[in-house]
Amino acid sequence: MSKVNEFLNSKIIKKDVGEETVLTWKETISYAMGRGAQGMNTSMTSSKYINFFLTNVLFKKLNDPMGVASKIRFFCGIFDAINDPVMGVIVDKTRTKNGQMRPYIKWAPWFVSLVMVLFFIGSSNAPAWLNILYTTILFVGLDVTYTAFDIPMGALAFSITPSGIERTKLFGISSIVRSILGALPMAFVAGASFLPYFKNHTAQSYLTSAIVSAVCIVVLTRFTYANTRERAEHKEDPPSVKDCFKLLFKNRPLLMLFLGNIFFVLCKIPEQVSAYFVSDLMFTRKYNIFIDIVKFPGFLLAGLLVPKIVEKLGKKADSRKFYQVCCLAAIGINLLFAALTYSGLIHKESGTAVSLLTGIIIVIFTGLSAIPMEFKNLMQKEMEAETVDYIEWKTGNRVEGIMLSIMSFTGKIENTFSSSIGLWVLGLTGYQAHEEGSIVQNAATNKALFLMTTIVPAVGYLLMLIPMHFYNITGESHRKMMAEIMERRAAIAEDNKEHEKEAKAEV
């Protein structure tokens with residue numbers, strides 16, 4: 001037991017990397033558990049399966065399930081995105097004895113879990129108007145409760161350590177834990193088609209997975225709340241709402257990340273239409289489980305290798321170049337994916353499953369395409385933290401909440417628009433909804449599924465290279481910036497000590 005405690009209390013970065021390091025394994029793992037809880041929630045409420053649940057389970061009796069689901073996802077998603085900056089300002093204005101972020105991490109997961117379970121209680125046998133109203137209200141509930149959990153969790157990572165190298169390792173470890181735990185609800189829903197009862201009770205598989213996930217979310221976040229610390233220094237007087245939003249216009253690197261995320265919408269479309277791609281273009285739902293599994297190595301490799309690469313490069317590490325290389329690799333993989341599967345998907349006999357060779361190629365390239373995406377996503381976490389450092393360097397104000405909320409805002413926009421676009425395109429091409437098995441779709445729908453899975457994401461990555469060219473925090477400039485910030489903090493701390501001594505002397 002003593003060896004376990006010794007390990008947990010040891011630092012995650014043991015060698016000298018030229019900057020202060022503070023994180024222990026206990027704090028890092030505890031933070032990662034909270035990220036895992038987030039993964040379980042988002043896999044139930046933001047992944048491809050919720051679209052399939054809406055169109056092919058909940059709204060299957062409506063005349064236009066695609067149109068109804070698309071509109072609900074779109075308008076609720078817009079509300080959710082707008083909700084993020086509001087929560088960011090609230091976090092930045094929070095001052096409690098437990099910190100700015102940790103109080104929300106303590107309570108928000110309870111509400112997240114409750115609303116998630118209520119969402120999947122919906123039934124296709126209810127009147128259409130009631131089903132639509134119920135679903136819309138619960139979607140708003142999901143948005144509000146998750147935002148109250150997500151923004152503080154993300155902001156905590158920016159406050160937990162001043163070291164960029166240490167933060168990258170924290171993001172890597174938490175990404176692995178999030179991917180593992182987040183995969184469990186999806187794996188159950190995907191694998192339910194192999195189980196005798198759930199094979200013909202799709203709705204019940206979703207509800208069962210949601211209940212188990214809800215319990216895990218509450219338990220895991222207790223560790224995050226209990227074992228993490230907020231270390232960044234904040235002014236005693238919280239910034240006004242006006243001040244928070246004025247800071248956005250002074251943050252050029254944040255704007256470039258924002259624009260990159262807007263183009264990333266195109267890269268997220270394949271995930272949103274994946275269930276339809278497997279069921280209706282590959283014509284066999286059993287590939288779902290394999291396609292979900294092969295994405296995991298991308299999370300794992302990113303979590304393991306990105307921190308090691310950054311730590312090894314040390315002063316030569318440059319997040320912008322890393323991001324650009326990931327985009328170029330993703331473009332090449334997606335174009336090759338399209339070239340190798342076009343004939344096997346588009347020219348196969350109608351109403352038949354893909355050949356084994358084509359199926360294997362699809363599974364392999366699904367896994368390969370996840371690698372540069374997850375490498376990019378993980379490095380972007382550190383880049384987001386850099387934008388918080390940048391605004392502190394420029395203005396002297398540190399506002400993790402509002403800066404993180406802007407990136408979360410674009411993340412919500414990604415999910416909202418990618419989901420809405422995917423559903424809208426399928427509806428436009430005449431997609432026929434169904435709950436079990438597969439239905440022969442028309443040629444336009446099949447071609448749309450193919451293009452949205454292969455060519456469209458390649459275009460998205462190409463467009464992302466444009467704003468990244470203007471991202472103005474490189475490795476060396478960020479190190480100089482952090483050195484100035486630390487000097488400024490030290491000077492302020494020294495002034496505060498002098499004031500305290502003077503106050504005591506007067507007494």
Side-chain angles (χ1 to χ4, degrees), residues 39 42-43 46-49 51 175-176 178-180 182-183 186-187 190 260-261 263-279 281-282 287-306 309 322-346 354 357-381 411 414-415 417-419 421-422 425 447-465 468:
T42 55
S43 71
S46 300
S47 69
K48 64 183 181 180
Y49 291 109
N51 283 343
S175 175
I176 293 173
R178 177 170 180 152
S179 64
I180 293 173
M186 290 192 295
N261 276 11
F263 293 132
F264 193 56
V265 167
L266 299 178
C267 308
K268 295 291 287 290
I269 291 177
E271 173 65 22
Q272 301 296 341
V273 301
S274 177
Y276 306 102
F277 177 87
V278 172
S279 178
L281 186 54
M282 296 184 72
Y287 272 98
N288 265 321
I289 186 67
F290 302 111
I291 283 180
D292 285 338
I293 289 173
V294 296
K295 293 176 183 177
F296 177 71
F299 291 100
L300 182 61
L301 289 173
L304 291 174
L305 297 182
V306 173
I309 293 171
F322 197 102
Y323 186 110
Q324 291 168 328
V325 170
C326 290
C327 288
L328 291 171
I331 292 169
I333 289 172
N334 278 284
L335 292 179
L336 190 58
F337 186 8
L340 293 177
T341 59
Y342 178 79
S343 179
L345 287 169
I346 301 301
V354 293
L357 176 60
T358 300
I360 291 173
I361 292 173
I362 290 170
V363 170
I364 291 173
F365 272 87
T366 299
L368 288 176
S369 64
I371 295 175
M373 175 185 284
E374 295 308 326
F375 274 52
K376 188 278 299 181
N377 288 345
L378 184 55
M379 180 52 68
Q380 184 170 311
K381 292 295 182 184
E414 288 169 14
N415 286 329
F417 278 82
S418 61
S419 177
I421 291 170
V425 170
K447 187 170 288 188
L449 285 169
F450 173 79
L451 293 173
M452 287 191 291
T453 303
T454 57
I455 301 299
V456 169
V459 174
Y461 283 113
L462 180 63
L463 293 173
M464 287 162 61
L465 291 171
M468 195 44 51

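Since the model is a prediction, treat every value here as computed from it, not as a measurement. Side chains are part of it too, since the values below use all heavy atoms of this structure and drop only hydrogens, waters and symmetry mates.
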Working to the nearest 0.5 angstrom, can you tell me the gap between Y287 OH and T366 OG1? 11.0 Å
Any idea which heavy atoms bring S274 and N288 closest together, and the distance? O-OD1, 4.5 Å
With a 4.5 Å heavy-atom cut-off, do M464 and C267 have their side chains touching? yes
Contact check, side chains of N377 and K381, non-hydrogen atoms, under 4.5 Å: no
Of all heavy-atom pairs linking I331 and A458, the shortest is CG1-O, 3.7 Å
Assign the ring pair F375 / F322 to parallel, tilted or perpendicular, where the plane angle (0 to 90°) is split at 30° and 60°. parallel
Should V306 and E374 count as side-chain neighbours, where that means a heavy-atom distance under 4.5 Å? no
About how many Å separate CG of L336 and OG1 of T454, when rounded to the nearest 0.5 Å? 11.0 Å
Within 45° cone of F264 ring axis and under 6.0 Å: K376 NZ or CZ: yes
At what distance, to the nearest 0.5 angstrom, does OG1 of T453 lie from CE of M282? 10.0 Å
Do I364 and V294 have side chains that get closer than 4.5 Å, going by heavy atoms? no
Would a 4.5 Å heavy-atom cut-off, applied to side chains only, mark T341 and F365 as touching? no
Under 3.5 Å: donor-acceptor pair, side chain of S279, backbone of Y276: no
Non-hydrogen side-chain atoms of L345 and L449 separated by less than 4.5 Å: no
Taking every non-hydrogen atom, the tightest pair across L378 and S175: CD1-CB, 4.2 Å
What is the minimum heavy-atom distance between L451 and P457, and which atoms define it? O-CD, 4.2 Å
Nearest-0.5 Å distance, CD1 of residue I455 to CG of residue L266: 12.5 Å
CG-CD1 distance between L368 and I361, expressed to the nearest 0.5 angstrom: 11.5 Å
For the NZ atom of K295 and the CE atom of M373, what is their distance to the nearest 0.5 Å? 8.5 Å
Closest heavy-atom contact between F277 and I362? CE2-CG2, 3.9 Å
Taking side chain as C-beta onward, heavy atoms only, is L328 less than 4.5 Å from L465? yes
Over all atoms of both residues, closest heavy-atom pair of F296 and S179: CE1-OG, 3.5 Å
4.5 Å side-chain heavy-atom contact, K268 and F417: no
